[in-house]
Number of protein chains: 2
Amino acid sequence: MPFNLLLNNVARYIHLTDNEKEIFISHLHQKKIKRKQFFLSYGEICKYSAFVTTGCLRGFTVDKNGIEHVLSFAPPDWWIADMYSLISQKPGTLNIEALEDTDVILLSKTDQEKLYQEIPKFERFFRILTEKSLVTNQQRIVDNLSLTAEERYNIFCERYPTLINHLPQKQIASYIGVTPEFFSRMRNRH
Amino acid sequence: MPFNLLLNNVARYIHLTDNEKEIFISHLHQKKIKRKQFFLSYGEICKYSAFVTTGCLRGFTVDKNGIEHVLSFAPPDWWIADMYSLISQKPGTLNIEALEDTDVILLSKTDQEKLYQEIPKFERFFRILTEKSLVTNQQRIVDNLSLTAEERYNIFCERYPTLINHLPQKQIASYIGVTPEFFSRMRNRH
DNA sequence: CGGGGAAGTTGATGTAGGTTAAGAAATGAA
DNA sequence: TTCATTTCTTAACCTACATCAACTTCCCCG
């Protein structure tokens, strides 16, 4: 059944009884997002966390010069949301777009809060998830401050080997923090 | 009593009974850190979260060229730790140093876990804390990718007005991601 | 309260990476 | 398969910020 990937994802950090699994699943919705379709746009209020089962999403912002900056990729087994907007329920700055046809499982903000009431273990689950995400983001800040573009690229290759073949170069360039032109030059020099 | 600042910090997100407050306090330790003294050094395993009551700490890494990069400041009412090391209990890369004589309240990793057992509400507290920290860090990544040094400086001034007068310029420069020389020039042109 | 090390300033010069532009290659919708 | 649209490449030139060095000012600790 289609929720297995997600149940395994959850099982990494907390144990659920069969009954709890059913309660959990009752809060979930499935959705298909076609390539290039937006799951969330700048200025909207983020009402869902999305868990990708197939395909790939990207979260990005657009700066005042119209340049896109990729904050995160969400391949299968990853969660994505505009955390700022989800928490504050204010309009966010993040766009979330499908890089290919993608299946997601949605958990709404309100269902997530119900879940915290019904199965407090989920506080733990999302705490741990958020902690891991925080560590990754802190490392990225350090990398951006202290490494050259080439070093950041090498780290990206190590950390996300499956994504490298999968993604358009310009998306990786944007994540690394360089222009597509410079990224191309960087790759073709050695 | 010296735990009031911390109890207020906690009360922002969860409500504790008097009994729960006592249990919480029983897990805490106080410590004084003298100016320039290290609370945590690169390569150590981080065993404590620290909550600052007076003074100021800074968390920073040192890159392969010996250059320091400030990840965070912790003035009063802030938590600080090497999250990577605290979670994984592996040697971390963060240094945490007192910028002035500082009083902290410590919560050890093991006491934190006991707290989760004894008062599950603390799962919620630290989830919310971590979420807020994550949002701040994501915004910083976007800022580093899309803004000039001067724009990042202006944002820093808005966001941390009290720190501006308080900190040596070179520390702010390092947080912003520029050299002290460039930071000085930037401030003195207009 | 005085001296020494740290912090800040200023100038000359260097460089990683950006910008603009134009063509080549890949890709996807019909 | 075809054509239109992205994506990628290459080249010339540009700029934000770094580096190095010498000087001044600050400030803390004995």
Side-chain angles (χ1 to χ4, degrees), chain A residues 33-38 55-56 58 60 62-70 73 95 97-102 143-157 163-190, chain B residues 33-38 55-56 58 60 62-70 73 95 97-102 143-157 163-190:
Chain A
I33 307 169
K34 281 236 168 298
R35 180 183 146 80
K36 301 212 170 175
Q37 194 185 325
F38 278 58
C56 189
R58 68 168 180 138
F60 67 99
V62 181
D63 71 22
K64 62 179 189 297
N65 303 314
I67 295 171
E68 297 181 357
H69 301 278
V70 174
F73 297 111
N95 301 278
E97 180 199 16
L99 289 168
E100 49 193 280
D101 293 356
T102 299
D143 290 350
N144 285 341
L145 290 175
S146 61
L147 302 179
T148 64
E150 191 146 16
E151 290 167 325
R152 276 176 272 143
Y153 172 59
N154 291 332
I155 286 175
F156 186 92
C157 292
L163 288 180
I164 284 293
N165 322 308
H166 220 73
L167 296 173
Q169 281 182 202
K170 61 177 293 202
Q171 300 301 339
I172 301 171
S174 171
Y175 182 96
I176 300 291
V178 295
T179 57
E181 293 90 336
F182 185 78
F183 187 80
S184 171
R185 251 180 290 177
M186 202 176 73
R187 274 174 38 103
N188 292 42
R189 83 186 173 210
H190 60 125
Chain B
I33 308 170
K34 281 234 168 299
R35 182 183 146 82
K36 301 215 170 173
Q37 194 184 325
F38 278 59
C56 189
R58 68 169 181 136
F60 67 99
V62 181
D63 72 22
K64 62 179 188 301
N65 303 315
I67 295 171
E68 298 181 356
H69 301 278
V70 174
F73 298 110
N95 301 279
E97 181 200 16
L99 289 168
E100 49 194 281
D101 293 356
T102 298
D143 291 349
N144 285 340
L145 290 175
S146 61
L147 303 179
T148 64
E150 190 146 15
E151 290 167 326
R152 276 177 271 141
Y153 172 60
N154 290 333
I155 286 175
F156 186 93
C157 292
L163 287 180
I164 283 293
N165 321 307
H166 220 73
L167 296 173
Q169 281 183 203
K170 62 177 293 203
Q171 300 302 339
I172 301 172
S174 171
Y175 182 96
I176 301 290
V178 295
T179 57
E181 293 92 334
F182 186 78
F183 187 81
S184 169
R185 259 184 280 245
M186 203 175 75
R187 275 174 39 104
N188 292 40
R189 85 189 172 208
H190 61 125

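Labels below follow one simple rule: chain letters A, B, ... track the order of the sequence lines, proteins then strands, and each chain is numbered from 1.
- Counting to the nearest Å, the P atom of C/dA16 and the CD1 atom of A/Ile176 are 17 Å from each other.
- Spacing between atom CG of A/Leu167 and atom C1' of D/dC8 amounts to 15 Å, rounded to whole angstrom units.
- Partners of B/Asn154 under the side-chain hydrogen bond (donor to acceptor under 3.5 Å, both in side chains) rule, at least two apart in sequence or in another chain, do not exist in this structure.
- The shortest distance between the side-chain N/O atoms of B/Ser184 and the OP1/OP2 oxygens of C/dG8 is not below 4.0 Å.
- Sequence neighbours left out, the pairs with a member in residues 144-154 of chain A that pass salt bridge (charged side-chain N to carboxylate O under 4.0 Å, His left out) are A/Glu150-A/Arg189, A/Glu151-B/Lys64.
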Residues 168-179 of chain A, side-chain donor-acceptor partners within the protein, below 3.5 Å, at least two apart:
unit_1, atom_1, unit_2, atom_2, d
A/Gln169, OE1, A/Arg187, NE, 3.4
A/Gln171, OE1, A/Arg58, NH1, 2.9
A/Ser174, OG, A/Glu68, O, 3.2
A/Ser174, OG, A/Val70, N, 2.9
A/Thr179, OG1, A/Phe182, N, 3.2

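- B/Tyr153 meets the ring pair (Phe, Tyr, Trp, His ring centres under 6.0 Å) test with B/Phe183; sequence neighbours excluded.
- Note on the helix from C/dC1-D/dG30 to C/dA30-D/dT1: angle between the axes of the first and last five pairs equals 70°, rounded to 10 degrees.
- By the 4.5 Å heavy-atom criterion applied to side chains, B/Ile67 and B/Val62 are not counted as neighbours.
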| remark: Quick tally for nucleotides 14-23 of chain D: nucleotides whose base has a protein heavy atom under 4.0 Å get B, sugar-phosphate-only ones S, the rest -, giving ---BSBBB--
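- Remark: A/Lys34 engages no residue in a side-chain hydrogen bond (donor to acceptor under 3.5 Å, both in side chains) (not counting sequence neighbours).
- Rounded to whole Å, the distance from CG on B/Asn165 to P on C/dA7 is 18 Å.
- Spacing between atom CG of A/Leu99 and atom P of C/dT27 amounts to 15 Å, rounded to whole angstrom units.
- As a whole-Å value, the separation of B/Asn188 CG from C/dG11 P is 11 Å.
- Using a 4.5 Å cut-off on side-chain heavy atoms (C-beta onward), A/Leu167 and A/Leu99 make contact.
- When all heavy atoms of B/Cys56 and B/Thr102 are compared, the closest pair comes out as N-OG1, 3.0 Å.
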Nucleotides 1-7 of chain D: which of its N/O atoms have a protein N/O under 3.5 Å away?
unit_1, atom_1, unit_2, atom_2, d
D/dT7, OP2, A/Lys170, NZ, 2.9

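- Under the rule for a side chain to side chain contact (heavy atoms under 4.5 Å, CB included), A/Asn165 has no partner lying at least two apart in sequence or in another chain.
- Rounded to whole Å, the distance from CD1 on A/Ile172 to C1' on D/dT9 is 16 Å.
- Using a 4.5 Å heavy-atom cutoff, the side chains of B/Phe38 and B/Ile33 are not in contact.
- Considering only heavy atoms from C-beta on, B/Glu97 comes within 4.5 Å of B/Lys36 through its side chain.
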